[in-house]
*Asks:* 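Take this structure first; my questions come after.
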Amino acid sequence: MLMLRVRGHTFAWEPARRRALVMGIVNVTPDSFADGGRFLEPDLAVARARELAAEGADLLDLGAESTRPCARPVSAAEEQDRLLPVLERLLKEPPCPVSVDTSKPEVAEAALAMGAHMVNDVTGLAAGPALAEACARYGAALCLVHMRGTPDTMQLDPRYEDLLGEVRARLAAAVAAAEAAGVPPDAICVDPGIGFGKAVAHNLTLLKRLDALAPLGKPILVGPSRKSFIGALLGLPPAERLEGTLAACVVAAAAGAHILRVHDVAAVRRAVRVAEAIRDAPDG
Ligand code: HH2
């Protein structure tokens, strides 16, 4: 059985009847592509986090720096100023395990010292092993994401010779680095990085072929929520990408996703539960 240990909580998935977990997104940022500016005020961010938990989120992911293409990078101090007051309040009575979406070891360290349960590093340890070492020290989980380039450059004509092989190999190297830094094998999950250095067709193939990451032996997290490939297919802005997100999540769950990172927790849970019930129904 595949497991993810998240600092005192254990998630487990039966191989035959895998039920996808839902991770609710809270962006404490002025500029995130889908919800930028809506939850920058700490009261609103805490309320949003509790609302997503009440909608059934199994995990929350708190981010304080946008990683959308060409986003303005923020300093560690600015990121902490946004993140830590919200995190502190949320962790007084955490409604579920709380992940922190950061690639900076010093931000991760501060969040973990406060009690964060997991770190979600969209660069897959690009800054070296310090972030993984901090996770190991605090017994926290680590999500390793595949990103090609940086948010500044990642969408400039991304090309792959062997998309699935390259994503898998890069994630395997990140997993090896995390384990070498002391993160236990059952405290790591992997993510192909939808939209991180990927053209529309790459995103579609990755969602369809999540099974290609199964040989890594880790839970697979995936984040298609309201992303631009949906906008490209439907010609719709982020606020109108719910149906596209539901379709992507249902397909991703069927293809092997263990955790779905989304803005619309209740809707995704409902859609995925129905899809799973159909999958598990008798054949006739
Ligand atoms: N996508 C975003 C941010 N963090 N983490 C993981 N593991 N996987 C993802 O696909 C992923 C992620 C981008 O989405 P969002 O947080 O909504 O926007 P922004 O980066 O603009 O804040």
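As the structure lists them, so they are numbered: ligands from 1, and atoms in each ligand from 1. None of the values given here were measured: they were computed from a predicted structure.
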*Asks:* Please name all residues satisfying side-chain contact (heavy atoms from CB on, under 4.5 Å) with Ala34, sequence neighbours left out, ordered by chain then number.
*Replies:*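 So Ala34 forms a side-chain contact (heavy atoms from CB on, under 4.5 Å) with Arg226, Pro238, His263.
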
*Asks:* Would you call Thr29 and Arg82 a side-chain contact if the rule is heavy atoms closer than 4.5 Å?
*Replies:*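 Touching, per the 4.5 Å side-chain cut-off.
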
*Asks:* Run the side-chain contact (heavy atoms from CB on, under 4.5 Å) test against Thr123 and tell me which residues pass, sequence neighbours left out.
*Replies:*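 side-chain contact (heavy atoms from CB on, under 4.5 Å) list for Thr123, sorted by chain: Ser103, Asp121, Ala126, Met147.
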
*Asks:* Any donor-acceptor pair under 3.5 Å linking the side chain of Asn203 with the backbone of Gly195?
*Replies:*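 Yes, the answer is positive, given that a donor and an acceptor are paired below the 3.5 Å cut-off.
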
*Asks:* When you look at Glu79 and Thr102, which way does the side-chain hydrogen bond (donor to acceptor under 3.5 Å, both in side chains) test go after all the steps?
*Replies:* CA-CA 9 Å; Glu79 196 178 334; Thr102 188; 2.6 Å; yes

*Asks:* Going by side-chain heavy atoms closer than 4.5 Å, which hydrophobic residues are tied to Ile278, directly or by a chain of links?
*Replies:*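 For the cluster that includes Ile278, the remaining residues are Val274.
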
*Asks:* Heavy-atom contacts with ligand 1 below 4.0 Å: which residues, ordered by chain and residue number?
*Replies:*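 Residues near ligand 1: Asn27, Ser32, Phe33, Ser66, Thr67, Arg68, Asp101, Asn120, Val122, Cys143, Val145, Asp191, Phe196, Leu221, Gly223, Lys227, Arg261, His263.
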
